[in-house]
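One structure is given below, encoded as structure tokens.
Since we're looking at a predicted model, the values are computed, not measured.
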Amino acid sequence: MANVMDFDDMLRKIKDRQWALADIDWDAPGAETISPELHAKLKPFMADLMWIENVGARGFAAMAKKAPTETLREIYRYFHAEEQKHANAELALMRRWGMLDGDEIPQPNVNVKLVIDFLDQYADDMSMSFLGTVIPMLEVTLDGALIKFIMDEIEDPICQEAFKKINADESRHLAVDFAVMDLLGHAQMRKLLVDLVGGWAKPSLIIGVLSYVPLLNKMRDNIVAMGVDEEKLYAALKRYANVGERSEFARRLPMYQIVKMHGGWVINRGHPYHLLADTLVKVTARVPKVLLRKDPTWSKEITYRPAA
Amino acid sequence: MTDTLDVAVIGGGFAGIGAAIRLKQRGIGDFAIFERGTAIGGTWRDNTYPGAACDIPSRLYSYSFAPNPNWSHTYSGSGEILGYIESMAAQFGLHEHFRFSSNVTGIAFDETAGVWNITIEGRADAVRARAVVLASGPLANASLPNIPGIEDYRGYKIHSARWDHDYDFTGKRVAVIGTGASAVQIIPELVERAAAVKVFQRTPGWVLPRVNRRTNPLTKELYRRVPAAESLSRRAWFYGHESVALGVVWNTPLTRVVELVGRAQLRRQVKDPWLRRQLTPDFRAGCKRLLMTDDYYPALQRDNCKLITWPIARIAEHGIRTAEGVEHQADCIVFATGFDVSKTGTPIPIVGRNGRVLAEEWQRGAYAYKSIAVSGYPNLFFTFGPNSGPGHNSALVYMEAQIDYLVGAIGTILDRNLRMLDVRRDRQDRYNAAIQRRLGSTTWNSGCRSWYLTEDGFNATMYPGFATQYVGQLRTLDLGDYTVVPAGASTTKPRIAAVS
């Protein structure tokens, strides 16, 4: 089934449904619903989630440069900004819950940081078909699963209100992601293979894979640490394959097949892949901070303030 | 003065004044210049924002028939340019021809009499003229962007083309919308005065260096004493700019060279990689107007300045809300959003032969014969009409050629007592087909959105060639291109080819 989308209509919808931090009363009652026990677990989780929004943001920023039409470029410019908005809203929630020490912005875990570093360095040089296949996976698993988790577990009405808005944005992101994947699948097989070989032939991609693999397992560890079933993450991973399989064109994308296969390994805890992934989680946890790159200046734009 | 003017010039800017001078020099004195404002100068009277200047060297941004040896710098500011315009008006005795506060609201051709009826706001009777020069200029009307909530904003709003010199920016939080030619001149001035400046960018442009030197007094003296030396200097500037066309007008390897210069400027002036990325254009150099400035990038990096590239979601009571969810509050919004350039429709209602309305014909995009005349609208001449825009050379060079052509045509109308000089439709169509074909290979039509193009991507603005070519095609008035009807002749007889 072809996933046909009117991108002009989608862009209009995106513009019409813009919301701002100022639309939410961050000081309204309900913050007390977070128990001290949940508070302690939630803090690192929210910090990671907030930074994962930036993974999506950086990916969309790269897509905005690659998209074949002005409408799609504009859509990705909005998506880039919306991911930043989600990070801002999550920071505002952290502030509401008393998780911030003054104006200090919490740091991401090393795995998120490695992926951000990687994207910041290499995403602009990747092909549209490469980015267009990988970004949906990141969106659907990390963003999608973690947001769903928050909505299920946190009662705070302001949190619910914020994540309802975030979720609505994300559903538009995913709709476009999959429509674009479908569109990319229309390309000639020769071009798809050239993109695939060209993409993998770059040494930078190895760095990307080595950053991405432990990230998924690390987030699974985080979810488990919160006392939640890891199946929620796996369900999101399955969604990528389920939606992708519905489009005969997306199925033609070699990179889609690779990402899907990888997803299959991740959700199979008995697969030997986990020996590697879990090892990488341990190894990356020991990476000395001095070896990590300085945060890119764009990552300092995050703010919990509705007005600047 | 007779009941019917020989010529009505609409607009008292650079083009109107140039046309008036050349009409006088041609011995045509029965003309009036209708100016909606109360002073002369057009765009240069209106654009007085801080830092306003021309990005074409003054030696070239002036009329060859009115040389000025006294330009103070290579590139002049708006004040000096306006002074030049005023001095021309005084030198050629144009003030008696001016009719200020005369806002022309429409013109209609009376085919029987062969005259244009010109209606003016607040005046019951129409002014009649045998020929009309529409010198209203493409940059006459300021344009506010179509952003939701613009009326809700409670702070102060200023458009670059209607600057309020009484507004004190000291200590204010200022938002600037737009990063085009006016913005890059305003921003360095604003950061000097305001407490904070936020620059809202939609698409970054190519920025090239502009070396602005003070003119040596000896050079001025030389130009005063030896006008040929100034003329030579003007020629040197002209051909220098002509060579730039090879990279700016057409997509060629030289376009890469222009882009390399832009990238080098960016790399030299901006150290932060993300800011550099935000400022790197994603279209070919020349596709949109090139920006010439050395001050813009340093100004953006000042502590009190910030570049915002998030899409604008709406304007709220206290500031600008962008798609990352933050309201950027400001005491004042400066709209450096350019002009409402007529690419479709006409600046005023124009009714031609048999009641035809030019705005309807131009609905999908304007066109004309050699940018000057339109079939069905006799004895009417445009300055800066469709497809006469230069991307690489001085607008004044183009304007001068237009003026000389139209003054020649008006001279013919008067000398031969013509009722109508109406360009032939077939010649006009052939000309435009060639223009549109040639535009296909230019940078302007290479895929970016710019004010040169209509919503449909039709280029009604630019001339696809060298200035030399443009000027060359206007050097002679070929009456074979026109339907020529003498006074008293029947209109059913379409053409008297023997006139020439």
Heavy-atom distance under 4.5 Å to chain A: side chain of B:Ile308, backbone, both or neither? neither
Between B:Arg277 and chain A, which part of the residue has a heavy atom less than 4.5 Å away: side chain, backbone, both or neither? both
May I have the step-by-step check of salt bridge (charged side-chain N to carboxylate O under 4.0 Å, His left out) for B:Arg314 and B:Asp152, ending in yes or no? CA-CA 10 Å; B:Arg314 62 173 293 111; B:Asp152 301 339; 3.0 Å; yes
Contact class of [X] relative to chain B, heavy atoms under 4.5 angstrom:
X: A:Arg17; value: neither
X: A:Ala57; value: neither
X: A:Lys15; value: neither
X: A:His80; value: both
X: A:Glu74; value: side chain
X: A:Pro296; value: neither
X: A:Trp19; value: backbone

Parallel under 30°, tilted from 30 to 60°, perpendicular over 60°: which one fits the rings of A:Phe79 and A:Tyr76? perpendicular
Between B:His159 and B:Phe335, does the ring centre distance come in under 6.0 Å? no
Compute the ring centroids of A:Phe45 and A:Phe149, then answer whether they are less than 6.0 Å apart. yes
Check whether the side chains of A:Thr297 and B:Asp272 place a donor and an acceptor atom closer than 3.5 Å, and report yes or no. yes
Residue among B:Pro148, B:Pro311, B:Pro273 with most heavy-atom pairs under 4.5 Å to chain A: B:Pro311
Among B:Glu324, B:Lys198, B:Lys306, B:His318, the residue with the most heavy-atom pairs under 4.5 Å to chain A is B:Glu324
B:Lys172 charged N/C atom sitting above B:Tyr167 aromatic ring, 6.0 Å / 45°: yes
Cation over ring, B:Lys288 on B:Trp206, under 6.0 Å and within 45°? no
Donor-acceptor pair, distance only, cut-off 3.5 Å: does the side chain of B:Ser160 make one with the backbone of B:Ala336? no
